[in-house]
Trainee: 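My questions all concern the structure below.
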Amino acid sequence: PADHPALGPAGQAAQDRPVTPLCLDLTDREEQVIRLIAEGCGMREIAQALGITEGTVKAHREHVRAKLRARNQAHAVNIWRDIRDEAAVG
């Protein structure tokens, strides 16, 4: 997988970024996908950065949306950011 600013080498989550609380039950890959979506990356760019297909990216995106009980992708990003920010403060 290609390096990306949101990821470390070989798709590893950057160590200096806050992590979503485990209570959301997001997998590491789902966390990476929602982080990249939040940064404005498209499906193709995410797929290339993570070394997976666009179809797999879309599946992860839908899993995140369902787990966060979001109405759509933008809502999922907003919910994820709110939870991430709360975790960083508290």
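For clarity, every value in this text was computed on a predicted model and none was experimentally measured.
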Trainee: How long is the straight-line distance from OG1 of T53 back to CD1 of I46, given to the nearest 0.5 Å?
Mentor: 12.0 Å
Trainee: Working to the nearest 0.5 Å, report the span between CD of E45 and CG of L50.
Mentor: 10.0 Å
Trainee: Is the closest basic N to carboxylate O distance between K58 and E54 below 4.0 Å?
Mentor: no
Trainee: Please report the interatomic distance CZ(R65) to NE2(H75), rounded to the nearest 0.5 Å.
Mentor: 11.0 Å
Trainee: How close do A38 and V77 get, counting heavy atoms only, and between which atoms?
Mentor: CB-CG1, 3.8 Å
Trainee: What is the distance from atom CZ of R35 to atom CG of L26, rounded to the nearest 0.5 Å?
Mentor: 10.5 Å
Trainee: Taking D28's backbone N and O only, do any of them form a donor-acceptor pair with E31's side chain (distance below 3.5 Å, no angle check)?
Mentor: no
Trainee: If you take all heavy atoms of A76 and L68, which pair is closest and at what distance?
Mentor: O-CD1, 3.5 Å
Trainee: Look up atom CZ in R81 and atom CD1 in I79, then write down how far apart they are to the nearest 0.5 Å.
Mentor: 12.5 Å
Trainee: State whether the number of non-hydrogen atoms from other residues, nucleotides or ligands found under 6.0 Å of D82 atom CG is greater than 12.
Mentor: yes
Trainee: Report the C-alpha distance between H60 and I52 in whole Å, list the side-chain angles of each, state the deciding distance to 0.1 Å, and finish with yes or no for side-chain contact (heavy atoms from CB on, under 4.5 Å).
Mentor: CA-CA 11 Å; H60 287 309; I52 57 179; 4.1 Å; yes
Trainee: Tell me, do V57 and Q48 make a side-chain contact under 4.5 Å, heavy atoms counted?
Mentor: no
Trainee: Ignoring hydrogens and geometry beyond distance, is a side-chain donor-acceptor pair present between Q32 and R29 at under 3.5 Å?
Mentor: yes
Trainee: Search all heavy atoms of R61 against all heavy atoms of V33 and return the closest pair with its distance.
Mentor: N-CG1, 4.3 Å
Trainee: Once rounded to the nearest 0.5 Å, what's the spacing between atom CD of E62 and atom CD of Q73?
Mentor: 8.5 Å
